[in-house]
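Here is the structure we will look at, set down as structure tokens.
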Amino acid sequence: MNNWLPRIPQRFWAVPAFLLWGGLSFILLNKSPYGIDEGAARALLLVWSVTDDVVSPIVTLGLPDFRAFFFAPVGYLWVGNIVAAKIFTLFVMSGAVWATYRWREHSGNAESALLASGLLLICPLLIDQIDTISVVPYLLFVFALGAWADQKYRESPQAFGGMYFSQILLCLVSVTLHPAGLAYPLALLWGWHKNPSDAKHKNYFFGGIIFVVLLALLLTLGWNNIEWFSNPMRSLSGLLSGSSSARNIGVFGWISGAGILGILLLVIWKQAGNLWADIFGRTLLIAIIAGTLTGDQTWSIIALTVCLYWGLPLLLPASTNTSGGFWGQRGIAMSLFFILSTTFMLADKANYQTVLDGYLSPRDNLIKTLAEDRGSFLGSEPGQGPSVSKQPVRVASQWPGLTMLACRCDALPLPPPAKDSDDLLAMLRGVNYLIFDPRDPKNISLARNLATMDAGKVETVALQQGGVIVAIKSSVPGQKP
């Protein structure tokens, strides 16, 4: 009885460690319906509509990415519960880190993989991405799962078997999530081109992968919710401090972002051969190249994964100078681990305080204003009774998924560009409110047409840093055009 602890396999100790991390991370999450990624909001709403058999305008927004595929169990068991989706995302992220650690352990990098996994889990930006239910946990999970599936298939190849269709499905899911998701099918194609186990199997994979990639792009019509050509320095600097909605990242942001970018390039230069020879490393390397088109936080997390899992082995060589003692062998790596972990935890603590203070981004504050005050908007005119606020509300929003999730009202995308204000007003028939950011270049035509519209047809009811809420007077119940 006194010796039962040493007999427990070491891999089982990961379970309580992940549970502890999950519990602490859950405390850091925002429990309100605000701050969710737009794509995640659409996927959740679609799953809830299907499982609860509710007619919803979410289907008019097009097919969401395949996060809806992952959300199906949570949506079926806990309809309308956003916190359940965040907890599920914690489990997905822990699975991705566990699979990545095991993969690197099999490559002979167990020590560095353990340190890298710990640092990745406490990265403030990663916890922010879990809080917003972004694509990062699901994309890393698909990459790691795809690497294992490729290895299992090559160990016992079977044409059109379960492992074949698993990899084809993972290619489909990966592409719908993010432009960086193209990395997995491309890495798989390269592997079968250079190292085919069988000529027929090679043709099967080439045909299947090309078909599902084109199908994924056709189903989702590209990546509608992606912000292209973002400032990569902002996302890289967020690795140390968490996500920031500030438009100007400041001097420290530029310095820290440039420093991380330099480390990333150094690691890729030193480990290029090892990265490309490994299916998982090749996938991450291609994802970094493809992700530069966006430069967003998903791209920065992938960059951090490469820096940690392939950078730390450079500081922890297999052959060490035994005469130098522990610090002579591991001093640099341990010092870096201490500095990074302390920086990450201080940022996590600061982010936790912002959650307690109820801080929301400018965009979410604008949506919250509409969600909480739309009744007073509708009932603000003289002579209108309280029953007016109970009328169905239809909103045209720049963020229709988030608006529908927070306001529990019908939300539609913004109208296409119109040649004049009269055409715009005709397209807005039946719409009560517009909510959008007039500073966004995509909304310049809309803002100009609204500004030139005749008095009495529209009214600005809220103007904030995150955008504007405009009431369409001719569409408000109880009002005459």
Side-chain angles (χ1 to χ4, degrees), residues 32-36 38 41-42 45 49 55-62 224-225 360-418 420-440 442-481:
S32 71
Y34 304 102
I36 307 298
E38 171 67 17
R42 296 188 185 187
L45 287 167
S49 298
V55 178
S56 171
I58 191 64
V59 296
T60 64
L61 305 180
N224 298 322
N225 301 314
L360 295 174
S361 68
R363 179 201 65 183
D364 295 318
N365 268 322
L366 183 69
I367 296 175
K368 184 179 181 181
T369 300
L370 177 64
E372 295 184 348
D373 298 339
R374 62 186 177 93
S376 61
F377 292 159
L378 288 172
S380 60
E381 294 295 328
Q384 291 183 336
S387 61
V388 174
S389 62
K390 298 181 181 179
Q391 296 279 350
V393 177
R394 184 170 296 161
V395 181
S397 173
Q398 183 176 348
W399 317 278
L402 288 169
T403 304
M404 201 182 310
L405 194 67
C407 302
R408 300 182 182 274
C409 59
D410 292 343
L412 302 170
L414 293 175
D420 54 37
S421 58
D422 291 334
D423 282 353
L424 175 63
L425 192 62
M427 287 189 289
L428 293 176
R429 185 177 301 276
V431 174
N432 305 113
Y433 294 101
L434 285 169
I435 176 171
F436 65 99
D437 182 2
R439 291 178 293 272
D440 193 320
K442 296 181 294 185
N443 301 327
I444 292 178
S445 174
L446 176 63
R448 181 172 58 248
N449 286 332
L450 288 173
T452 59
M453 197 168 289
D454 295 338
K457 293 184 178 180
V458 295
E459 178 187 0
T460 300
V461 293
L463 178 61
Q464 300 179 7
Q465 182 183 356
V468 63
I469 302 175
V470 177
I472 310 301
K473 306 297 287 186
S474 59
S475 298
V476 175
Q479 294 231 349
K480 296 181 180 180

- Task: Might you point out which heavy atoms bring Cys409 and Val395 nearest each other, and give the distance in Å?
- Result: SG-CG2, 3.9 Å
- Item | Gap between atom CG of Leu450 and atom CD of Glu459 - 0.5 Å precision | 13.0 Å
- Message: Under the criterion side chain to side chain contact (heavy atoms under 4.5 Å, CB included), I'd like the reasoning laid out for Arg394 against Leu412: C-alpha separation, chi angles, the key distance, then a yes or no.
- Response: CA-CA 8 Å; Arg394 184 170 296 161; Leu412 302 170; 3.8 Å; yes
- Query: Any idea which heavy atoms bring Ala411 and Pro400 closest together, and the distance?
  - Reply: CB-O, 3.5 Å
- Query: Which heavy atom of Ala462 sits nearest a heavy atom of Thr369, and at what distance?
  - Reply: CB-CG2, 4.3 Å
- Heavy-atom closest pair, residues Leu428 and Pro415: CD2-CG, 3.8 Å
- Distance col, row Ser361:OG vs Gln465:CD, nearest 0.5 angstrom, shows 9.5 Å
- Identify the heavy atoms of Ala371 and Ala406 that sit nearest to each other, and give their distance. CB-O, 3.7 Å
- Looking only at atom types and distance, does a side-chain atom of Asn443 sit under 3.5 Å from a main-chain N or O of Phe436, one as donor and one as acceptor? no
- Report yes if some heavy atom in the side chain of Met404 is under 4.5 Å from a heavy atom in the side chain of Ser397; otherwise report no. no
- Looking at Leu414, Val458, Leu424, which hits side chain to side chain contact (heavy atoms under 4.5 Å, CB included) with Leu434? Leu414
- For residues Ala418 and Met427, report the shortest heavy-atom separation together with the two atoms involved. CB-CE, 3.3 Å
- Query: How many angstroms lie between CD1 in Ile367 and CG in Leu370, if you round to the nearest 0.5 Å?
  - Reply: 8.5 Å
- Passing option when Tyr433 is tested against Ile472, Val393, Thr403 for side chain to side chain contact (heavy atoms under 4.5 Å, CB included): Val393
- Message: Taking the side chain as everything from C-beta on, heavy atoms only, tell me whether Ser421 gets closer than 4.5 Å to Arg448.
- Response: no
- How long is the gap from CD on Gln398 to CZ on Arg363, to the nearest 0.5 Å? 9.5 Å
- Rounded distance [0.5 Å steps], NZ in Lys457 versus CG in Leu425: 5.5 Å
- Leu366 side, atom CG; Asp437 side, atom CG - distance, nearest 0.5 Å: 8.5 Å
- Message: With no hydrogens and no angle check, just 3.5 Å: does a side-chain donor-acceptor pair link Gln464 and Asn365?
- Response: no
- Query: Short question: side chain of Asp364, backbone of Gly35 - any donor-acceptor pair under 3.5 Å?
  - Reply: yes
